[in-house]
Number of protein chains: 2
Amino acid sequence: MSREVIIRAATDLLDSGGESALTLRALTTRLKTGYGAVYHHVADKDDLLAAATDEVVARVLAGVAVDAEPRQALRGLALGLFDEIDAHPWVGAQLARHPLESATLEIYECVGRLLDALAVPGRALFDAAGALMNYVLGVAGQNAAQARSAEGADRAAFLAAVAGRWARLDPGRYPFVRKAAARLPEHDDREQFLAGIDIFLAGIATLG
Amino acid sequence: MSREVIIRAATDLLDSGGESALTLRALTTRLKTGYGAVYHHVADKDDLLAAATDEVVARVLAGVAVDAEPRQALRGLALGLFDEIDAHPWVGAQLARHPLESATLEIYECVGRLLDALAVPGRALFDAAGALMNYVLGVAGQNAAQARSAEGADRAAFLAAVAGRWARLDPGRYPFVRKAAARLPEHDDREQFLAGIDIFLAGIATLG
DNA sequence: ACCTGAACACCGTTCAAGT
DNA sequence: ACCTGAACACCGTTCAAGT
């Protein structure tokens, strides 16, 4: 028994059953051990989630091409995060729930340095870094929320259900959402995420 | 006993004690009633949270100057949401946790219509609306997370503690976060939120 | 219809007791 | 030190029983 083994088991539970699948009971059963063994290596459940999240985020940050052109590096970082959060929705939930902690801090440092390399001036640098962080964490949270709603069920079916509900809204009150519903079938989360990043970078460029 | 009375009591509990203060036990005690009475008017706890959130959001949306210049109306909507979420952090948590539901849907419709009025073209309109929503929901989530961490304690003291922790980080590994820590005392969440909105709007303007 | 409150099926966490 | 597992202090929700 070790911290590593415990965190790996927790990650497996989260990946296969979603956020709700990680319970201390399920964890001890899977590890064929007692609560004391787990609590001897880990402070509490949040420590567990934070450690599992740190590992996933570290993997993404290690893949960032720091020596590339800053704008491309930022897009790479953002996409890397998106893909990893898409594969592990619980990571998104954890990031959105605990900002200012280790994993989020690492991302913040990386984003800040890349914006600095982009020559964003003085105090605008912190506004830009904060805004970009909030956008990314917002997407992370939405992704986690969708995964929570779908939970096991087909994701395409879930989106179709949403589109159906929106299409039935009062056209007078919800003209925009109805138009959005019509676009939902051809909608690609990943593309739209990147489009948002580009809007941001375009806005940041005007700060110079 | 009525749905309205129950939702008002729930709102009071949330406002005075934070997210964790709303339990069915606390609610029945405060209302001097049993569980059955509550469940007779409300589907479940989430229904309760959603209804309480709807009221707060509806108040903000009612205050949006729809006939104003779209850019100003958008800033007004964003600021209104920020202030209400700042006053009721649990609203931020609820919005971030349940997108695509009534309260978030109302915001999305409003944002979309205002961007349309801003003459954002075709499919860029949906990218822009999505990006803006994600930014706002991200900020909402962060706000809620901070309130959760502070929970009762002094907010200024909490931020000072964060700044202290950041200032003690390794300067070689975290140059950006350390610089951010130095700026934290003079940092204003509301101003930075608005700065983010402006970066967004500037980026959206380049889509035209 | 509207309400009561004991009971159920879960949680995370603790801690005396073992090795 | 490392681990076991009964027990504790909570949750949200249900439902037979009352009015």
Side-chain angles (χ1 to χ4, degrees), chain A residues 1-54 89-91 93-94 96-98 101 144-145 147-149 151-152, chain B residues 1-54 89-91 93-94 96-98 101 144-145 147-149 151-152:
Chain A
M1 193 56 46
S2 73
R3 191 177 158 90
E4 268 178 38
V5 170
I6 294 170
I7 290 164
R8 168 181 298 267
T11 303
D12 288 348
L13 283 171
L14 288 162
D15 281 340
S16 59
E19 292 173 59
S20 62
L22 177 61
T23 67
L24 270 294
R25 271 159 184 74
L27 193 60
T28 51
T29 303
R30 172 181 257 264
L31 291 169
K32 291 185 177 48
T33 182
Y35 300 105
V38 172
Y39 277 94
H40 190 264
H41 295 279
V42 150
D44 52 23
K45 192 182 172 177
D46 209 72
D47 184 21
L48 209 56
L49 271 164
T53 303
D54 283 356
W90 52 272
V91 172
Q94 178 66 12
R97 208 168 19 234
H98 293 276
E101 274 180 38
R148 214 158 28 223
S149 300
E151 192 101 333
Chain B
M1 194 54 47
S2 72
R3 191 177 157 90
E4 269 179 36
V5 170
I6 293 169
I7 289 163
R8 168 180 298 269
T11 303
D12 287 348
L13 283 172
L14 288 163
D15 281 340
S16 59
E19 290 171 61
S20 63
L22 178 61
T23 67
L24 270 294
R25 271 157 184 78
L27 193 60
T28 52
T29 303
R30 174 181 253 263
L31 291 169
K32 289 185 176 52
T33 183
Y35 300 107
V38 172
Y39 278 93
H40 190 264
H41 296 280
V42 150
D44 52 22
K45 192 181 171 179
D46 208 70
D47 184 21
L48 209 56
L49 271 164
T53 302
D54 283 355
W90 52 272
V91 172
Q94 179 67 11
R97 206 166 21 233
H98 294 275
E101 275 180 38
R148 213 157 29 221
S149 300
E151 192 99 334

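Residue numbering restarts at 1 for every chain, and letters A, B, ... go by the order of the sequence lines. Just so it is clear, the model here is predicted, and its values are computed rather than measured. These values consider heavy atoms only, across backbone and side chains, with no hydrogens, waters or symmetry-generated copies.
The separation between H40(B) atom NE2 and dG12(D) atom P is 21 Å, rounded to whole Å. Distance, D47(B) CG to dT13(D) C1': 14 Å, rounded to whole Å. Here dG12(D) presents its P atom at 10 Å from CG of L49(B), a figure rounded to the nearest Å. Here dC11(D) presents its C1' atom at 13 Å from NZ of K45(A), a figure rounded to the nearest Å. If you measure from atom CZ of R25(B) to atom P of dG5(C), you get 14 Å, rounded to the nearest angstrom. The nearest whole Å value for the distance from the CG atom in L48(A) to the C1' atom in dT13(C) is 13 Å. As a whole-Å value, the separation of L24(A) CG from dT14(C) P is 10 Å. Atom pair L27(A):CG and dC10(C):C1' shows a separation of 17 Å (rounding to whole Å applied).
The phosphate of dA1(D) (OP1 or OP2) has no side-chain N or O of H41(A) nearer than 4.0 angstrom.
For the atom pair L48(A) CG and K45(A) NZ, the distance stands at 8.5 Å (nearest 0.5 Å).
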What pairs of nitrogen or oxygen atoms, one from the protein and one from nucleotides 15-19 of chain D, lie under 3.5 Å apart?
none

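With a 3.5 Å ceiling on both atom-pair distances, the Watson-Crick or G-U wobble partner of dA16(C) is dT4(D). Remark: dC11(C) base-pairs with no nucleotide in the shown strands. Criterion, Watson-Crick or G-U wobble with two distances under 3.5 Å.
The two residues E19(A) and R148(A) come nearest to each other via the heavy atoms OE2-NH1, 3.0 Å. Residue A93(B) comes nearest to A144(B) through the heavy atom pair N-CB, 3.5 Å, listed as atom of the first residue, atom of the second, then distance. Closest approach of I6(B) and V38(B) over heavy atoms only: CD1-CA, 3.9 Å. Heavy-atom minimum distance, T11(A) versus A52(A): OG1-CB, 3.7 Å.
No more than 12 heavy atoms of other residues, nucleotides or ligands lie within 6.0 Å of CZ in R8(A), so this atom counts as exposed by the packing criterion.
The shortest side-chain heavy-atom distance between L49(B) and H98(B) does not fall under the 4.5 Å cut-off.
Ranking dT13(D), dC3(D), dC3(C) by closeness to the A37(B) side chain, first place goes to dC3(C).
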